[in-house]
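Read through the structure below, which is laid out as structure tokens, and then see the notes.
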Amino acid sequence: MPIYEYHCEPCDHTFETLVRGQGDTPHCPQCGGIDLHKQFSVPASAQAGGRPGSSLPVCGPSPSFGCGSGPCGSGMCSSG
């Protein structure tokens, strides 16, 4: 059940909604309209090296369980 982003033309409202199946018609939560245009959504991604998104857990490789040493070695990554 994907979440899609729509723009309602009559009231100029942009929103996200869960679409349960092909028969499920999304409605604008602001005006109730169905004159909607599906927006192109880009998922967020993790980046390392001090760039935006670097606060997400990123651990180095390790032969042990998990992805690194310390808390990462147990599979419990911490921000790094």
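In terms of the side-chain hydrogen bond (donor to acceptor under 3.5 Å, both in side chains) criterion, residue partners of E5 (sequence neighbours excluded) are, by chain and number, S41. Checked against side-chain hydrogen bond (donor to acceptor under 3.5 Å, both in side chains), T14 has the following partners two or more places apart in sequence or in another chain: H7. Residues meeting the ring pair (Phe, Tyr, Trp, His ring centres under 6.0 Å) test with H13, sequence neighbours left out: F15.
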Identify all side-chain donor-acceptor contacts of residues 31-39 below 3.5 Å with residues at least two apart in sequence or on another chain.
| residue | atom | partner | partner atom | Å |
| --- | --- | --- | --- | --- |
| Q39 | NE2 | H37 | O | 3.2 |

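T17 OG1 to Y4 OH: the interatomic distance, rounded to the nearest 0.5 Å, is 11.5 Å.
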